Peer 1: 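The structure follows.
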Amino acid sequence: MPRQTVVDAGWPLYEVFVRGKRGLNHVHAGSIRAADPADAIRRGSAVYTRRSEGVSVWVALASDVAASVPEEKESLFAPSGDKVFRHPTFYSIPDDVPHM
Amino acid sequence: MVEDEAGFEAVIARNDRIEPRDWMPDGYRKTLVRQIAQHAHSEVIGMQPEGAWIERAPSLRRKAILLAKVQDEAGHGLYLYSAAETLGVSRAQLVELLLAGKQKYSSIFNYPTPSYADVGTIGWLVDGAAICNQVPLCRTSYGPYGRAMIRICKEESFHQRQGYELLMTMMRGTDEQRSMVQESVNRFWWPSLMMFGPPDTESPNTARSMAWGIKRNTNDELRQRFVDMTVPQADALGVTLPDPALRWNAARGSYDFGEPDWSELKAVVSGDGPCNAERMAHRRRAHEDGAWVRAAAVAHAEADRG
C-alpha cells in the first residue's frame, strides 16, 4: 500500500479560503487534508500561499459545506435568465445626460 | 492581524482595511454598528414607498422592473445586516432596536409617494443621492462594509437608470404627465438634499468618522457633488429644480444652491415626518405577520434532521 494513504488515514478534508489582501473577500483556493483546523490552516497556507497569494486563510471542513446539486440548477438560477431589466444597460439614456 | 491600538492606527494611516478579527477601538465598533444598521434599516424600510406602487404599475414591464428593484432593496438590507454581524451583533438584535424605535433609518423614506411619477423620481433623485453617498463608502476602512457597498453600488445603477428612463418616458407624454413629473420633483428635491445629513457645522461626529476612515467625505461635500451631477440631468429631462438660488458659479466650478430647511430634517429624524408612524407600523406588522414563516422554517429544518 502506498505510504501516502497511511499518512492521510483519518485526516478529514478541509476547504481553504484565501484573502489576497486586506479589504478583499476570502476566496476559495482549494482543499487540503489535515488532522485538525489548526493543522489545516498551517498546511493550507503552505500549499496555497507560497508566492504571497494571501494575508489571511480560512478553513472549513469540506463535509460542513452544503452545496447546490446540478439538478437544482433550473429552479435556482434560471429565473434570473429572462430578467434583463435587472441590468443598467437595459435602459437607454441619451449620451448627453451626464453622470448616469 | 491587528492586535492593538498602534496596529489599528497604522492600518488606518495607510488607508488600508480593518477586518473583523482585528483589534479596534470601542468607539469605532459602535459607530460602525450604528451606521451599518441604520443603512440596513433604510434599505428595508425603503421598500415601502415604492412597494405601494407594485400593484398599480401601469404596465407589466414597469411592474416587473419595480418588483425587481424592491427585491434588490431587500437584498441590500441583508448584505448590510451581514456586514454588521461581523462586528459582534446579531440581526435579530438590530431588527428589535429598529422596531423599538431605538435605531433610525434614512429620513427620506418618511415622505409619501402619492403619484406614480414618484417611482421615477425616487430612482433618479433618491437613488442618485444614495449613490453619491455610497460610492465613497466602497473605500470605507471597514472591510465587510466596503465589500457590501461594492455589491450595492453595482445594483443601484439599474435603480437610478430605470427611474430616469421612466421620467423621460412621461416627459414625452401628455402635458398632464409632464406636470406630474414636475410636481413629484418639486416634492422630492429638498428631502433628497437632506439625505446627506445636517450641514458640516452641525455634524459633530463627522470629524471622528473621517479620521477613522469610516466616512470619506463630509455631508456638505457630498451634497454639493450631488447638486453638480443632478442639475444637467434635470436640464436634459426638461424639469426645473425648485430652488431660486440655484445657479452656476464659474469661480467655484460648482452650482450655488439654497439652504434646505434644517428644522424639517430635525422634525423628520425625530419622528415627526409625514409618514414615520405609518412606516414603523407597517414594518412591525410585516415582522409580526412573518413570525409563522420563521417558525415554519425552523420546524421544517428540525423535521429534516429527523
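When reading the values below, keep in mind they use all heavy atoms of this one structure, side chains included, and skip hydrogens, waters and symmetry mates. Treat the numbers as computed from the prediction; the structure is a model and nothing was measured. Proteins get letters first, then strands, A, B, ... in listed order; numbering begins at 1 in each.
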Peer 1: More than 12 foreign heavy atoms under 6.0 Å from CZ of B/R151: is that the case here?
Peer 2: no
Peer 1: With only heavy atoms counted, which part of B/R147 is less than 4.5 Å from chain A, the side chain, the backbone, both or neither?
Peer 2: side chain
Peer 1: Let's test your reading of the structure: which of B/I65, B/D72, B/D22 forms the most heavy-atom pairs below 4.5 Å with chain A?
Peer 2: B/I65
Peer 1: Please look at B/M229 and chain A and tell me whether the side chain, the backbone, both or neither of the residue comes under 4.5 angstrom of a heavy atom of that chain.
Peer 2: both
Peer 1: Is it the case that more than 12 heavy atoms not belonging to A/K83 sit under 6.0 Å from its NZ atom?
Peer 2: yes
Peer 1: Between B/E19 and A/G23, what is the shortest heavy-atom contact and its length?
Peer 2: OE2-N, 2.8 Å
Peer 1: B/D235 versus chain A, heavy atoms under 4.5 Å apart: side chain, backbone, both or neither?
Peer 2: neither
Peer 1: Around A/E72, counting heavy atoms of other residues, nucleotides and ligands shown, do more than 12 lie under 6.0 Å from its CD?
Peer 2: yes
Peer 1: B/A68 and A/F85: which non-hydrogen atoms are nearest, and at how many Å?
Peer 2: CB-CE1, 3.6 Å
Peer 1: Could you name the residues of residues 90-100 of chain A that have a heavy atom within less than 4.5 Å of a heavy atom in chain B?
Peer 2: A/F90, A/Y91, A/S92, A/I93, A/P94, A/V97, A/P98, A/H99, A/M100
Peer 1: Measure distances from B/R21 to the heavy atoms of chain A and classify the residue's part below 4.5 Å as side chain, backbone, both or neither.
Peer 2: neither
Peer 1: Heavy atom to heavy atom, less than 4.5 Å: which residues from residues 1-17 of chain B reach chain A?
Peer 2: B/M1, B/V2, B/V11, B/R14, B/D16, B/R17
Peer 1: Side chain, backbone, both or neither: which part of B/E156 has an atom under 4.5 Å from a heavy atom of chain A?
Peer 2: neither
Peer 1: Name the option with the most non-hydrogen atom pairs under 4.5 Å to chain A; the candidates are B/G143, B/A236, B/P232, B/A64.
Peer 2: B/A64
Peer 1: If you round to the nearest 0.5 Å, how far is NE2 of A/H87 from CD of B/Q162?
Peer 2: 14.5 Å
